[in-house]
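Here's the structure, in structure tokens; my notes come after.
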Amino acid sequence: MALTLYNSLSHAKEPFRPLRPDAVGMYACGPTVWDFAHIGNARMVVVFDLLYRLLRHSFRTVTYVRNITDVDDKIIDAARRNGEAIDALTKRTADAFHAHMAALGALPPTIEPRATEHIGEMVAMIQALIAKGHAYEAQGHVLFAVQTDTHYGHLSRQTQEGILEGARVEVAPYKRDPADFVLWKPSTGDQPGWDSPWGRGRPGWHIECSAMAERYLGETFDIHGGGRDLIFPHHENEIAQSSCAHGGKPLARTWVHNGFITVRGEKMAKSVGNIVTVNDLLPRYDGETIRLTLLSAQYRQGLDWTDDAVEQAKKSLDRWYRAAGNARPAATVDATFLAALEDDLNTPEAFARLHGLADAALAGDASAAASLKASANLMGVLDKDADAWFRAVPVGTGKDQIEGLIAERTAAKKSKNFAEADRIRKLLLDQGIVLEDAANGTTWRRSS
RNA sequence: GGUCGGGUGGCGGAGUGGCUACGCAGAGGUCUGCAAAACCUCGUACACCGGUUCAAUUCCGGUCCCGACCUCCA
């Protein structure tokens with residue numbers, strides 16, 4: 001069984017064949033570091049992390065590039081609002097991003113380039129586009145001339161007329177064509193800027209990804225991805241810039257886009273006031289639980305974020321941890337599970353298989369337990385000891401205290417003082433501790 | 001208006017031209033001093049209308065809804 005991915009370019013699932021047999025290059029559009037990552041950002045990271053892990057499972061070398069956008073008008077605005085220096089804001093936000101994504105079990109990408117460290121590459125690419133007649137300078141701006149790219153609109157299946165009909169923004173007067181977009185724009189004295197052949201300025205949004213992808217992955221690479229909303233205009237423009245700079249060569253062969261998250265049925269937006277950040281969730285839920293929730297729907301589908309969805313994910317993890325116990329992961333991943341993931345990352349199907357393995361493991365099949373662990377590990381979950389999972393110490397309760405109460409209760413039970421035994425059970429339950437009596441003694445776990 | 005995606009049982013969510021997805025919740029049961037966990041059993045589904053077919057939730061056409069994007073939002 002081999003990996004199949006839905007390619008946004010062809011609108012079909014395709015067998016994945018890398019350009020080079022044993023090395024894969026993948027680029028995903030990373031965060032603009034102006035505020036905490038929300039669960040939408042997190043979904044993209046977790047989905048591409050899963051794809052990264054799956055690729056590493058099958059190919060010797062996988063180069064995963066995920067950028068950090070640290071120059072952007074949203075950053076300038078946020079810094080001004082906060083009364084904070086721009087570099088302080090971007091550092092603080094990038095650090096938080098790293099901590100939050102690590103909590104979700106996302107591996108660091110192979111390379112994480114920052115836009116501000118690649119201005120030279122961007123200027124060079126813009127110069128190449130001007131030299132080839134695909135871009136022009138106007139009033140301190142450099143613009144990409146979409147008319148010069150006959151393939152423009154291919155990814156989003158839009159005609160240039162169609163794009164313009166729905167335009168919501170006033171067209172700048174210096175544009176030759178209303179659909180032209182900015183490659184470089186002038187900066188005022190208080191805005192971040194770099195010297196360039198067109199004066200002091202800063203890059204437009206799209207050029208950084210084209211320039212950094214070229215630098216680290218070459219002119220054409222295997223997979224490019226991001227959230228669905230990036231298809232237009234961001235990815236469309238990246239394709240235009242890169243392929244025009246590279247004599248028509250394609251930018252990426254497979255385009256992967258993840259679906260959006262809604263919160264209790266509504267679009268997540270500042271204006272609705274329902275933004276859920278990873279920072280908000282981590283005190284309430286284990287990062288692993290959040291990760292599993294993000295994977296509970298197939299990545300191209302929408303995902304509605306509700307407390308109930310998170311609770312369900314937690315229950316699945318409880319069950320898998322109970323079934324896997326402290327088994328050592330098997331050397332190989334379960335074939336049925338792998339086949340589900342290789343079918344365009346069908347995580348719900350993969351979950352079903354894990355539940356099946358858990359059934360077998362609970363019935364006493366040790367190899368199923370080992371396989372469950374190895375398989376779930378590939379997905380980036382179930383990598384703790386069961387003890388660590390169930391006995392993370394609740395606030396205000398010490399392990400010694402719990403063990404002491406259990407001993408008291410065991411003594412009470414022995415003398416048939418069930419009222420006292422039940423009193424202790426209740427006492428601990430009120431502190432979030434569930435006791436489980438088994439033939440070989442009493443164990444405890446946290447209840448939530 | 002253009003482009004794209006979707007409507008599955010109480011809920012979440014896969015998939016398929018005929019055979020139980022899976023999970024959660026619910027009902028009953030086994031076990032248990034009581035619980036928990038585990039196990040067993042049970043129920044309800046494929047938006048609507050046509051068509052193709054021996055057979056459609058699955059294919060085709062139409063209708064109705066919902067969502068995303070249409071110049072910088074993952």
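Heavy atoms only: backbone and side chains are in, while hydrogens, waters and symmetry mates are out. Since the model is a prediction, treat every value here as computed from it, not as a measurement. By convention in this document, chain letters (A, B, ...) are assigned in the order of the sequence lines, proteins followed by strands, and residues within each chain are numbered from 1.
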Where at least one partner belongs to residues 94-106 of chain A, residue pairs that pass salt bridge (Lys or Arg N to Asp or Glu O under 4.0 Å), sequence neighbours excluded: A/Lys91-A/Asp95

Side chain to side chain donor-acceptor pair (under 3.5 Å) partners for A/Tyr64, two or more places apart: none

Secondary-structure notation, RNA chain B, from Watson-Crick and G-U pairs under 3.5 angstrom (| other strand): (((((((..(((.....[...))).(((((.......)))))....(((((..]....))))))))))))....

Side chain to side chain donor-acceptor pair (under 3.5 Å) partners of A/Arg176, counting only residues at least two apart: none

Those residues of residues 360-383 of chain A lying under 4.0 Å from RNA chain B by at least one heavy atom: A/Leu362

Ring centroids of A/Phe351 and B/G23 base under 5.5 Å with planes under 30°: no

A/Glu14: partners by side chain to side chain donor-acceptor pair (under 3.5 Å), with sequence neighbours left out: A/Asn7, A/Ser10

Residue pairs involving residues 410-420 of chain A (criterion salt bridge (Lys or Arg N to Asp or Glu O under 4.0 Å); sequence neighbours excluded): A/Lys413-A/Asp437, A/Glu420-A/Arg423

Those residues that, when tested against A/Ser8, pass side chain to side chain donor-acceptor pair (under 3.5 Å) (two or more places apart): A/His257

Salt bridge (Lys or Arg N to Asp or Glu O under 4.0 Å) pairs, two or more places apart, involving residues 26-46 of chain A: A/Asp35-A/Lys270

A/Asp318 and A/Lys314 ion-paired at < 4.0 Å: yes

Pairwise 5' ranking along RNA chain B for A/Asn237 and A/Met268, keeping only the more 5' one: A/Asn237

N or O in side chain of A/Lys315 less than 4.0 angstrom from B/A25 OP1/OP2: yes

Side chain of A/Ala352 (C-beta onward), nearest among B/C72, B/A21, B/A35: B/A21

Set of ring pair (Phe, Tyr, Trp, His ring centres under 6.0 Å) partners for A/Trp184, sequence neighbours left out: A/Trp198

Listed once per pair and sorted, the salt bridge (Lys or Arg N to Asp or Glu O under 4.0 Å) pairs that draw on residues 294-305 of chain A, sequence neighbours left out: A/Arg300-A/Asp344

Nucleic acid footprint by protein, nucleotides 5-18 of chain B - heavy-atom cut-off 4.0 Å, B for base, S for sugar-phosphate alone: SS----B-SSS---

